[in-house]
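Letters go in sequence order (proteins before strands), and every chain restarts at 1.
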Amino acid sequence: MADDKKLPTRAEDFSAWYNEVVLRAELADYSPVRGCMVIRPDGYGIWERIQRGLDDMFKATGHRNAYFPLLIPQSFLSKEAEHVEGFAPETAVVTHGGGKALEEPLVIRPTSETIIYAMFAKWVQSYRDLPLLINQWANVVRWEMRTRLFLRTLEFLWQEGHTAHATHDEAEAETRKMLGVYRTFMESFMAMPVVTGRKTESEKFAGALRTYGCEAMMQDNKALQAGTSHNLGQNFAKAFELKFQTESGGTDFAWNTSWGVSTRLIGGLVMTHGDDKGLRVPPRLAPTEVVIVPIWRSDDEKARVLEAAHKLVAELGDYALGDARLRMHVDARETMKPGAKYYEWELRGVPIRLEIGPRDLDKQQAVVVRRDSGEKKFVPLATLGAELKATLAAMQDAMLAAAKERREAHSIRGAITWAKFKDVMDGEGAFVYAGWCGDPKCEAEIKEETKATIRVLPDAEFRTPDAPKSCLKCGGKATEEALWAKAY
RNA sequence: CGGGACGUAGCGCAGCCCGGUAGCGCACCUGAAUGGGGUUCAGGGGGUCGCGGGUUCGAAUCCCGCCGUCCCGACCA
């Protein structure tokens, strides 16, 4: 760890604080190649929890995992006009293989629509083959100009779901269902509340009919696009001849959806829950839920407390317990004083610290310390398991509630003038729910002047925003048409 | 690709103005003590001073060129 014992405070410099937390909590490191990121075991452990949580939900909604190639013929990308326009500028291209120039360059996937729908076209003959519900866990490469650990790296890990359906309505329902899956995951696992809704034309996925997104508020009041779900219409089906025979005997192009979340979620986690001591990981997402710090002064005491610690892990952390087990770790390092260990585990965000010393054993108790609130309790060993589980569940709820409360405290609803809006965006930032302009120039103009964009058009029913609405800049009319914020 | 700053040990930095053959803190290694909120003492290892050229008896230091990184813009999950 660095010599500097203090993190920059969030309030002073949010970016510096974020980078320090990610590096010092050992979630990730910079790679020798600019813009690429090495995800270290602590960071990957969180990703594994995200994978497991989402994968269970995907399975429950009928999706199956598959894997498609990293390399895509360049011509594939060009088959859908908007898609190539959107992604071509940020692709990495392989021009040589085996020492020879390739006849056709290969693109390293920035996303896999093209290769996947090319394969779907081979697999789908009839309406009986639909819906086809596939997901893949993969890495993709997008050649971004500026990068930030987890939030925007040249290469990132993600999950991309791809489906084919017989009708528009079925595809639309799928698109919205998966957005709902993301929302549930982000709120119930990550304790990260999100605003869901439809994206505007300017923020739509390249090649989609409609895009929906999840937006979370970070602690600097900026928005993070945490996940997207697209109704691709028949655009890709037409480009890749993904046709099927209908029930009535005719042929039609399939309707596709795609949806994804990435390792960016880890960045969102840090920026949602981190505090001046470092990271805070919500229990359901924490690779380690409980860390035991044994305390001793002599070899005899050491033997005693370590035995007690390992007994607890055997009882409560046994893998044979399955999902009922607590994910525990005993920090038995000899050379570190307990205080130093406390600071380190706080930095890493482990939800509960359990202190066990000789004085505790004499009283048949342990000290339970919550990472979120710092609250410290003495708990009898006899009821420890139940107490830990209850505390973890309470923390999960408390963290979501706190994040929601924080977001609402920095949300502006109702009447707002253009002058006030500009003031807010130039200053602290906020989620502003306000009228928007149907004229795309208006959104662009406001972005130009304030850096704020329409994150989503939030609505439980995802209404279709075809009609021009009141313009924030011209009229400043108080409606709740759009969520405006500065974004990552 | 435009504007700014910076490249000296794993990390953070001093030294450069005024040239004399590299130093500090942390981390790391060894030993001992210590251990309920960032231990202490003693000893030790580790550096092509970003790269290339020039000036000079002598360059981390001065001059020229190049490369790289970071920050601010334009672009984006």
Just the rounded figure in Å: distance from [atom2] of [N] to [atom1] of [X].
X	N	atom1	atom2	answer
A:Glu85	B:C75	CD	P	14 Å
A:Glu334	B:U39	CD	C1'	15 Å
A:Met336	B:A27	CE	C1'	12 Å
A:Glu26	B:A27	CD	P	14 Å
A:Leu306	B:G35	CG	C1'	13 Å
A:Arg24	B:C26	CZ	C1'	11 Å
A:Ile292	B:G36	CD1	P	18 Å
A:Lys302	B:A33	NZ	P	13 Å

Please measure how far the [atom1] atom in [N] lies from the corresponding atom in [M], and state the result in whole Å.
N	M	atom1	answer
B:G12	B:G54	C1'	33 Å
B:G68	B:G31	P	45 Å
B:C13	B:C51	C1'	23 Å
B:U39	B:A27	C1'	16 Å
B:C57	B:G2	C1'	45 Å
B:C1	B:C28	C1'	43 Å
B:A74	B:G3	C1'	12 Å
B:G23	B:G46	C1'	14 Å

With a non-hydrogen cut-off below 4.0 angstrom, is [X] in contact with a base, only sugar-phosphate, or nothing?
X	value
A:Pro89	nothing
A:Glu160	nothing
A:Thr211	nothing
A:Phe156	base
A:Arg353	base
A:Glu355	base
A:Lys277	nothing
A:Leu151	base
A:Val367	base

| query | What about A:Phe87 and A:Phe205, are their ring centers closer than 6.0 Å? | reply |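 Under 6.0 Å, so yes.
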
| query | With a 6.0 Å cut-off on ring centres, are A:Phe185 and A:Tyr182 close enough? | reply |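 No - the distance between ring centres of A:Phe185 and A:Tyr182 does not fall below the 6.0 Å cut-off.
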
| said: On RNA chain B, does the nearest nucleotide to A:Arg148 precede the nearest nucleotide to A:Ile356 from the 5' side, or the other way round? Give the residue. | reply: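 So the residue in question is A:Ile356.
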
Tell which nucleotide pairs with [N], taking only Watson-Crick or G-U wobble pairs whose two distances are both under 3.5 angstrom.
N	value
B:C13	B:G23
B:C66	B:G50
B:G36	none
B:G31	B:C41
B:U56	none
B:G2	B:C72

So which nucleotide from [options] ends up closest to the side chain of [X]?
X	options	result
A:Asp360	B:G36, B:G37, B:G35	B:G36
A:Met145	B:A74, B:A77, B:G35	B:A74
A:Glu346	B:G35, B:G37, B:A77	B:G37
A:Lys451	B:U39, B:G36, B:G73	B:G73

In plain terms, say whether [X] and [Y] are close enough for a salt bridge, that is, a side-chain N and a carboxylate O under 4.0 Å apart.
X	Y	answer
A:Glu172	A:Arg176	yes
A:Asp275	A:Arg10	no
A:Glu344	A:Arg348	yes
A:Lys59	A:Asp55	yes
A:Asp42	A:Arg40	no

| query | Can you find a side chain N or O atom of A:Lys337 that sits less than 4.0 Å from OP1 or OP2 on B:A33? | reply |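 Negative; the distance criterion is not met.
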
| field | Minimum-distance pair of heavy atoms, taken over all atoms of A:Gly45 and A:Pro287 | value |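 It is C-CG, 3.5 Å.
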
| task | Kindly say whether, by distance alone, the side chain of A:Arg333 makes a donor-acceptor pair under 3.5 Å with the base of B:G35? | result |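 Result: no qualifying N/O pair found.
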
| message | Using a 5.5 Å cut-off between ring centres and planes within 30 degrees, is A:Tyr343 stacked on the base of B:G38? | response |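 Answer is yes, a stack.
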
